[in-house]
Amino acid sequence: MNHLFIGYKDNIPVGFIGLHLEGSMGLLYILKEYRGNGYGIELEMFLVNRLLFENKIPFGQLETENNHSIFLQKKLGFTFSTEKQFGLNPIYNEFRFIIS
């Protein structure tokens with residue numbers, strides 16, 4: 001269904017990114033041995049460009065305690081909502097981010 005994409009280096013999977021059912025970007029995961037090499041940025045920008053090509057607005061949610069993801073979104077120049085979003089699970093406070 002084109003909702004999950006795998007990144008490769010020399011035909012070896014290094015991680016993946018995907019879309020949640022409501023269309024938000026997420027599911028980004030890079031295998032430990034490949035972290036810190038820019039693969040997260042590459043996968044996220046791939047998905048952003050794909051969504052823009054499809055005339056969709058890229059957006060996502062992240063947990064307020066997920067400092068790695070917050071750092072990545074800021075590094076990519078995304079803006080954050082001014083209000084926290086609360087889902088069905090009250091344990092998770094989330095920020096929404098979009099491309100500015």
Side-chain angles (χ1 to χ4, degrees):
M1 294 178 58
N2 291 326
H3 290 299
L4 187 67
F5 305 93
I6 301 171
Y8 293 89
K9 179 182 192 282
D10 300 326
N11 293 323
I12 299 171
V14 297
F16 58 85
I17 193 167
L19 296 170
H20 294 284
L21 294 176
E22 83 287 353
S24 68
M25 298 187 312
L27 312 169
L28 178 62
Y29 183 80
I30 304 298
L31 298 170
K32 282 186 180 183
E33 58 269 30
Y34 296 103
R35 292 180 187 164
N37 294 302
Y39 296 118
I41 290 171
E42 287 190 39
L43 281 171
E44 190 152 345
M45 291 312 302
F46 161 80
L47 189 52
V48 165
N49 288 323
R50 182 181 178 90
L51 291 169
L52 289 172
F53 180 78
E54 296 172 355
N55 293 317
K56 297 178 181 174
I57 298 173
F59 74 99
Q61 296 95 11
L62 52 90
E63 294 178 30
T64 56
E65 304 297 320
N66 188 340
N67 293 326
H68 292 292
S69 186
I70 291 170
F71 176 79
L72 176 63
Q73 306 319 316
K74 286 182 178 179
K75 187 174 184 177
L76 291 170
F78 294 166
T79 58
F80 292 84
S81 64
T82 56
E83 297 178 4
K84 290 182 181 178
Q85 308 289 317
F86 297 94
L88 295 176
N89 187 343
I91 295 173
Y92 297 111
N93 293 331
E94 299 176 332
F95 285 121
R96 191 174 193 128
F97 65 90
I98 59 171
I99 294 178
S100 64

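Positions are given from 1 along the sequence. Note that the structure is predicted; figures quoted are calculated from it, not measured.
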Minimum heavy-atom distance between [X] and [Y], given as atom pair plus value:
{"X": "Gly60", "Y": "Ser24", "value": "CA-CB, 3.9 Å"}
{"X": "Leu62", "Y": "Phe80", "value": "CD2-CE2, 4.0 Å"}
{"X": "Phe59", "Y": "Gly23", "value": "CE2-O, 3.8 Å"}

Exercise answer: donor-acceptor pairs, residues 46-53 side-chain atoms, under 3.5 Å, sequence neighbours excluded:
residue : atom : partner : partner atom : Å
Asn49   : ND2  : Met45   : O            : 3.1

### Message
side chain to side chain contact (heavy atoms under 4.5 Å, CB included) for His20 and His3? Distances and angles first, verdict last.
### Response
CA-CA 8 Å; His20 294 284; His3 290 299; over 6 Å; no
### Message
Are the side chains of Val14 and Tyr8 in contact, using a 4.5 Å heavy-atom criterion?
### Response
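No - every pair of side-chain heavy atoms lies 4.5 Å or more apart.
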#### Entry: For Phe71, all residues meeting side chain to side chain contact (heavy atoms under 4.5 Å, CB included), sequence neighbours excluded
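For Phe71 the side chain to side chain contact (heavy atoms under 4.5 Å, CB included) partners, ignoring immediate neighbours, are Lys75.
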Quick check for you: to the nearest 0.5 Å, what is the distance between [X] atom [atom1] and [Y] atom [atom2]?
{"X": "Leu76", "Y": "Glu44", "atom1": "CG", "atom2": "CD", "value": "5.0 Å"}
{"X": "Ser69", "Y": "Gln61", "atom1": "OG", "atom2": "CD", "value": "11.0 Å"}
{"X": "Ile6", "Y": "Ile12", "atom1": "CD1", "atom2": "CD1", "value": "13.5 Å"}

### Query
Does any pair with a residue in residues 6-28 pass salt bridge (charged side-chain N to carboxylate O under 4.0 Å, His left out), and if so which ones, sequence neighbours excluded?
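Found none.
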Expected list for residues 25-42: side-chain donor-acceptor pairs under 3.5 angstrom, two or more places apart:
residue : atom : partner : partner atom : Å
Tyr29   : OH   : Arg35   : NH2          : 3.2
Arg35   : NE   : Ile30   : O            : 2.7
Arg35   : NH2  : Ile30   : O            : 3.2
Asn37   : ND2  : Tyr34   : O            : 3.1

### side-chain hydrogen bond (donor to acceptor under 3.5 Å, both in side chains) partners of Lys56, counting only residues at least two apart
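Partners of Lys56 by the side-chain hydrogen bond (donor to acceptor under 3.5 Å, both in side chains) criterion, ordered by chain and then number, come out as Glu54.
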### Message
Taking NE2 in His68 as the centre, count heavy atoms belonging to other residues, nucleotides or ligands within less than 6.0 Å. Is the count above 12?
### Response
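No - once you tally the heavy atoms of other residues, nucleotides and ligands closer than 6.0 Å, there are 12 at most.
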